[in-house]
Amino acid sequence: LSATADDKVIESWKTLALEKLNAAIKPEWRRDLKIETMVLEGRPSESIVEHACQHEGDLIVMGTHGRGPVAHFFLGSVTEN
């Protein structure tokens with residue numbers, strides 16, 4: 001694939017991810033909360049913290065997969081980082 005084709009694939013993935021994120025948010029949640037969805041590139045833990053600092057984020061909510069200790073050791077945890 002050319003760089004342009006790669007860029008188009010990445011952009012389509014980002015668009016799909018944003019659509020799925022927005023679909024998961026119940027409309028009533030948006031009445032009381034300011035909710036922003038975004039897709040960031042880079043090392044996840046660094047990108048999340050950098051974005052929160054730049055935009056004065058008050059709260060970061062993250063889930064966990066609940067992996068066992070062996071999987072956690074090898075795969076790590078964005079939430080912990």
Side-chain angles (χ1 to χ4, degrees):
L1 292 175
S2 68
T4 304
D6 287 345
D7 292 342
K8 288 180 182 177
V9 169
I10 291 169
E11 286 305 313
S12 70
W13 288 346
K14 285 181 175 180
T15 300
L16 180 61
L18 280 172
E19 289 171 3
K20 288 184 178 283
L21 284 169
N22 283 313
I25 298 169
K26 295 180 181 179
E28 59 267 22
W29 295 350
R30 291 192 186 270
R31 284 193 293 260
D32 298 323
L33 301 169
K34 178 182 176 190
I35 299 173
E36 296 179 57
T37 56
M38 63 206 62
V39 176
L40 304 173
E41 292 183 51
R43 186 164 185 244
S45 57
E46 292 174 3
S47 297
I48 292 165
V49 171
E50 181 180 319
H51 182 83
C53 289
Q54 289 174 351
H55 298 277
E56 298 179 4
D58 294 326
L59 176 67
I60 299 171
V61 178
M62 301 178 75
T64 181
H65 291 286
R67 293 187 183 104
V70 174
H72 184 267
F73 176 78
F74 286 107
L75 298 175
S77 170
V78 172
T79 304
E80 282 186 9
N81 288 330

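To the nearest 0.5 Å, atoms CG (L21) and CG (L16) are separated by 9.5 Å. Separation of atoms CD (E46) and CG (L40) is listed at 12.5 Å; rounding is to 0.5 Å. R43 CZ to I48 CD1: the interatomic distance, rounded to the nearest 0.5 Å, is 10.5 Å.
When the side-chain hydrogen bond (donor to acceptor under 3.5 Å, both in side chains) test is applied to E19, no partner is found at least two apart in sequence or on another chain.
When all heavy atoms of I10 and E41 are compared, the pair lying nearest together is CG2-OE2, 4.4 Å.
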Can you list, pair by pair, the side-chain donor-acceptor contacts under 3.5 Å of residues 23-33, counting residues two or more places apart and other chains?
from, atom 1, to, atom 2, distance (Å)
R30, NH1, I35, O, 3.2
R30, NH2, N22, OD1, 2.9

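No donor-acceptor distance shorter than 3.5 angstrom exists from the side chain of S47 to the backbone of P44, with no hydrogens or angles considered.
Between K8 and E11 there is no salt bridge, since none of the side-chain N atoms of the basic residue sits less than 4.0 Å from a carboxylate O of the acidic one.
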